[in-house]
Visitor: 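Just passing along the structure, written as structure tokens.
Order of the sequence lines fixes the chain letters, A, B, ..., with proteins taken first and strands second; residue numbering starts at 1 for each chain. This is a predicted model, so every value here is computed, not measured.
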Amino acid sequence: MSEPLVFTFEVDGENFTSAGNASVAVKKKLRWLGFPPEIIRRVSVAMYEGEINMVIHAGGGVATVTVLQDRIDIVLEDHGPGIANVELAMKEGFSTATDHIRDLGFGAGMGLPNMKKNTDSMEIQTELGKGTTIKMIINL
Amino acid sequence: MKISKIASLLNAKVHSGADLLDSEVNEACGSDMMSDVLAFVKNQAVLLSGLVNSQVIRTADMMDMRCVVLVRNKVPTEEMIELAEESGIVLLSTSIRMYEACGILYVNGLKASTTEA
């Protein structure tokens, strides 16, 4: 595989039911490409957590997955409210999610730490009122 | 344990994956919090939950789980059934409550994961 494979998805911020569609699609593609199950699961979980975050906190955005020779890059870009305190947001158990979100099974404050745990590198660029871009890398 | 035995022990209704009931599963977990399932679950193939929305099936799919059991008389939505069919997940429902359902499966040999959080 010489040319990188790039998959881009619009994440609909208005529809909680469809949240995760992009992650399911990526999982299928990686399985079809023959990646090991552990790599597929790490990509799927990191991306799914990010997708859910984009829907519940940021009104949706764009997810781009690039498959390269030696790594898989996941970039999640939104134009939501931004993250006020990234250090705090990275702490397990810290969440700004509403009770409504918790009723849906999310908002335990595990999303960002779990994304970091499942990837080899994670960078967060965020600006209040402008949005957030999260870049994650999984080495192959 | 075969998924068919889970269905029988919990007197459960089968909503999807009837052709997969012969599949073997070794470990299970129970949670209504999908965040925790995504963060703490390692190799469990069965998820027991009282939560009813499509993200329960997607979470199970992301974690490579084979079977979802809805407890306390919860009824799956049409979308959950469709997603489970597409993902090859057996979707069951039982009238038994979470604590008892987990207990029944545990004493019959379906263990929790020994992996630490």
Side-chain angles (χ1 to χ4, degrees), chain A residues 11-12 15-28 30-31 35-53 55-57 74 90-97 99-119, chain B residues 16 23 25-27 29-66 68-72 74-89 91 98 113 115-117:
Chain A
V11 177
D12 181 358
N15 189 351
F16 177 77
T17 304
S18 69
N21 276 351
S23 306
V24 171
V26 165
K27 182 167 190 173
K28 277 185 190 154
L30 295 181
R31 204 181 272 159
F35 285 101
E38 188 54 33
I39 292 283
I40 296 175
R41 191 195 291 191
R42 287 172 62 205
V43 172
S44 304
V45 170
M47 186 168 169
Y48 181 57
E49 292 271 25
E51 214 184 326
I52 292 285
N53 273 349
V55 173
I56 64 182
H57 292 294
I74 306 166
M90 285 304 299
K91 280 196 175 160
E92 288 190 2
F94 176 83
S95 176
T96 56
D99 286 347
H100 172 63
I101 298 302
R102 270 185 274 276
D103 287 345
L104 295 169
F106 292 91
M110 299 305 297
L112 285 172
N114 201 26
M115 287 157 73
K116 190 174 172 64
K117 194 173 85 183
N118 278 285
T119 52
Chain B
S16 76
S23 310
V25 289
N26 297 315
E27 293 176 351
C29 63
S31 181
D32 287 354
M33 207 59 187
M34 296 305 106
S35 293
D36 285 347
V37 174
L38 288 162
F40 296 122
V41 168
K42 185 75 179 168
N43 287 314
Q44 287 93 331
V46 182
L47 169 63
L48 290 92
S49 186
L51 185 69
V52 178
N53 68 48
S54 54
Q55 302 308 339
V56 178
I57 307 298
R58 285 213 183 85
T59 297
D61 188 13
M62 292 301 120
M63 302 303 288
D64 299 320
M65 292 172 151
R66 310 300 343 136
V68 171
V69 184
L70 299 180
V71 296
R72 357 177 242 279
K74 301 292 181 192
V75 179
T77 61
E78 278 304 314
E79 188 152 33
M80 288 173 79
I81 295 170
E82 274 172 34
L83 278 174
E85 282 288 358
E86 280 170 25
S87 313
I89 290 172
L91 178 57
M98 175 75 101
S113 173
T115 311
E116 63 191 64

Visitor: Given a strict heavy-atom distance threshold of 4.5 Å, which part of B/Thr59 is in contact with chain A: side chain, backbone, both, or neither?
Guide: both

Visitor: Check whether any side-chain N or O of A/Lys117 sits under 3.5 Å from a backbone N or O of B/Ala39 as a donor-acceptor pair, and report yes or no.
Guide: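 Here the side-chain-to-backbone pair exists.
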
Visitor: Could you tell me whether a side-chain N or O of B/Ser54 sits under 3.5 Å from a main-chain N or O of A/Thr17, the two making a donor and an acceptor?
Guide: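 Pair found, side chain donor or acceptor close to backbone of A/Thr17.
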
Visitor: Keeping the roles fixed (side chain from B/Ser35, backbone from A/Gly109), state whether a donor-acceptor pair exists under 3.5 Å.
Guide: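 No: the side chain of B/Ser35 does not pair with the backbone of A/Gly109.
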
Visitor: Which bit of A/Ile52 is near chain B, if near means a heavy-atom gap under 4.5 Å: side chain, backbone, both or neither?
Guide: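 Side chain of A/Ile52 only, per the 4.5 Å heavy-atom cut-off to chain B.
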
Visitor: Counting only heavy atoms closer than 4.5 Å, note whether B/Asn53 contacts chain A via side chain, backbone, both or neither.
Guide: side chain

Visitor: If you count heavy-atom pairs under 4.5 Å with chain B, which of A/Ser18, A/Pro113, A/Gly111 comes out on top?
Guide: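 Most heavy-atom pairs within the cutoff with chain B belong to A/Ser18.
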
Visitor: I'd like to know if the side chain of A/Glu51 and the backbone of A/Ala22 have a donor-acceptor N/O pair within less than 3.5 Å.
Guide: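 Yes: the side chain of A/Glu51 pairs with the backbone of A/Ala22.
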
Visitor: Of the backbone (N, CA, C, O) and the side chain (C-beta and beyond), which part of A/Asn21 lies under 4.5 Å from a heavy atom of chain B, both, or neither?
Guide: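 A/Asn21 touches chain B through backbone and side-chain heavy atoms alike.
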
Visitor: Could you tell me which portion of B/Leu51 (side chain, backbone, both or neither) has an atom closer than 4.5 angstrom to a non-hydrogen atom of chain A?
Guide: side chain

Visitor: What I want to find out is whether B/Asp32 reaches B/Lys74 closely enough, with some N-O distance under 4.0 Å, to be called a salt bridge.
Guide: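 Here B/Asp32 does not pair with B/Lys74 in a salt bridge, since their nearest N and O are not under 4.0 Å apart.
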
Visitor: Hey, which of A/Ala19, A/Ser95, A/Gly107, A/Ser23 has the most heavy atom pairs under 4.5 Å with chain B?
Guide: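 The residue among A/Ala19, A/Ser95, A/Gly107, A/Ser23 with the greatest pair count is A/Ala19.
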
Visitor: Would you mind checking which part of A/Arg31 comes under 4.5 Å of any heavy atom in chain B, side chain (CB onward), backbone (N, CA, C, O), both or neither?
Guide: side chain

Visitor: Is B/Gln55 in contact with chain A via its backbone, its side chain, both, or neither, using a 4.5 Å heavy-atom distance?
Guide: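 Looking at B/Gln55, backbone and side chain both touch chain A.
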
Visitor: Just checking, is any N or O donor in the side chain of A/Asn118 or A/Arg41 under 3.5 Å from an acceptor N or O on the other one?
Guide: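 No.
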
Visitor: Name the region of A/Tyr48, side chain, backbone, both or neither, that has any atom closer than 4.5 Å to a heavy atom of chain B.
Guide: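 Side chain of A/Tyr48 only, per the 4.5 Å heavy-atom cut-off to chain B.
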
Visitor: Do you know which of B/Asp36, B/Asp64, B/Asp61, B/Val37 has the most heavy-atom pairs with chain A at a distance under 4.5 angstrom?
Guide: B/Asp64

Visitor: Nearest heavy-atom pair of A/Arg102 and B/Met33: which atoms, and what distance?
Guide: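 Closest approach of A/Arg102 to B/Met33, heavy atoms only: CG-CE, 3.9 Å.
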
Visitor: Would a distance-only check, ignoring hydrogens and angles, find a side-chain to backbone donor-acceptor pair under 3.5 Å from B/Arg58 to A/Val24?
Guide: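 No: the side chain of B/Arg58 does not pair with the backbone of A/Val24.
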
